[in-house]
Amino acid sequence: MSERTFRFRLRSSHRPPERNTTDLVVEFLSDSGLWEPQQLSLTMPGFRIYLISLLLCQHFYLVANAREKAIPLQEVQADFNVTTSSDWIIASVEGNFGIRLDPGSTPSEDAIAYMQERMKLCPISRNLPEGVAKSISLTNLS
């Protein structure tokens, strides 16, 4: 059986003082090898919507926990890959998230580790079957 990998990337901005998410862009690597911006709609394939919801849930938890820890988030960049079997059963999820902070901000390693752990509590991730390999990493790009 052959596998299939669905690749996404995400960028968002978080300007002071509220640090609300703005300029959110999600792109999907199409079979033609081009990155295509994604706009959720009723004509989008349902499985792609599901995978985007998984990515956006991780992003939401990252931003919410940065706010909770008063970490001055400026930007989020993510690469998100989901591997499935040939019959579209999810085998693995890998998310590599990078954050850019206000200049001079240096959150503790504990705060970064806390945010990374909390991202795993996203309800969509938690509802994946136990056999799905999940890897979520968070790095400071500042």
Side-chain angles (χ1 to χ4, degrees), residues 1-102 105-142:
M1 260 187 199
S2 64
E3 294 181 336
R4 177 158 187 191
T5 300
F6 296 86
R7 296 185 59 202
F8 297 89
R9 62 186 183 191
L10 175 146
R11 288 183 318 277
S12 64
S13 298
H14 307 271
R15 294 182 183 91
E18 296 87 14
R19 305 287 178 178
N20 293 329
T21 299
T22 60
D23 304 321
L24 176 67
V25 175
V26 174
E27 296 175 301
F28 171 71
L29 186 61
S30 70
D31 291 337
S32 67
L34 299 174
W35 287 101
E36 298 176 352
Q38 299 296 287
Q39 297 294 324
L40 297 179
S41 73
L42 295 175
T43 60
M44 179 179 279
F47 190 69
R48 190 178 311 165
I49 292 171
Y50 174 69
L51 298 180
I52 291 171
S53 69
L54 180 57
L55 170 58
L56 292 178
C57 189
Q58 297 294 320
H59 178 265
F60 175 83
Y61 269 64
L62 167 58
V63 172
N65 287 291
R67 230 185 250 132
E68 179 182 312
K69 290 291 187 182
I71 294 173
L73 190 61
Q74 278 191 345
E75 179 183 3
V76 175
Q77 299 175 10
D79 291 312
F80 200 74
N81 301 318
V82 178
T83 303
T84 70
S85 64
S86 61
D87 56 351
W88 300 64
I89 303 300
I90 296 175
S92 68
V93 174
E94 179 184 355
N96 298 305
F97 289 79
I99 56 174
R100 191 167 316 282
L101 308 176
D102 285 354
S105 175
T106 53
S108 70
E109 287 182 28
D110 287 344
I112 297 291
Y114 172 83
M115 289 186 346
Q116 184 172 318
E117 269 310 300
R118 296 282 297 177
M119 289 171 69
K120 295 176 184 174
L121 298 178
C122 156
I124 298 171
S125 294
R126 291 180 63 197
N127 278 290
L128 289 171
E130 285 189 31
V132 174
K134 298 175 227 169
S135 170
I136 302 296
S137 67
L138 179 60
T139 56
N140 186 350
L141 303 173
S142 299

Sequence neighbours excluded, every pair satisfying ring pair (Phe, Tyr, Trp, His ring centres under 6.0 Å) that has a member inside residues 48-74: H14-H59
Parallel, tilted or perpendicular, as decided by the 30° and 60° cut-offs, for the rings of F80 and F97: perpendicular
For the student: nearest non-hydrogen atoms of R126 and L121, plus distance: CD-O, 3.2 Å
Criterion side chain to side chain contact (heavy atoms under 4.5 Å, CB included) on L56 and V26, from CA distance to verdict: CA-CA 9 Å; L56 292 178; V26 174; 4.0 Å; yes
F47 and W88 aromatic ring geometry - parallel, tilted or perpendicular at 30°/60° bounds: perpendicular
Contact list for residues 16-31, test salt bridge (charged side-chain N to carboxylate O under 4.0 Å, His left out), sequence neighbours left out: R4-D31, R9-E27, R11-E27, R15-D23, R19-D102
Sequence neighbours excluded and cut-off under 3.5 Å, please list the side-chain donor-acceptor pairs for residues 127-137, or say none.
| unit_1 | atom_1 | unit_2 | atom_2 | d |
| --- | --- | --- | --- | --- |
| N127 | ND2 | P123 | O | 2.7 |
| K134 | NZ | S125 | O | 3.3 |
| S137 | OG | N96 | OD1 | 2.7 |

Pairing residues for S32 by the side chain to side chain donor-acceptor pair (under 3.5 Å) criterion, not counting sequence neighbours: S30
T83 side chain near I90 side chain, heavy-atom distance below 4.5 Å: no
Which atom of C57 lies closest to which atom of I124, heavy atoms considered: CB-CD1, 3.9 Å
Side-chain donor-acceptor pair present, S85, D87, cut-off under 3.5 Å: yes
Those residues that, when tested against T43, pass side chain to side chain donor-acceptor pair (under 3.5 Å) (two or more places apart): S41
Heavy-atom pair of closest approach, residues M44 and Q39: CE-O, 3.4 Å
Where at least one partner belongs to residues 55-81, residue pairs that pass salt bridge (charged side-chain N to carboxylate O under 4.0 Å, His left out), sequence neighbours excluded: E75-R100
Given K120, M119, M115, the one that forms side-chain contact (heavy atoms from CB on, under 4.5 Å) with E117: K120
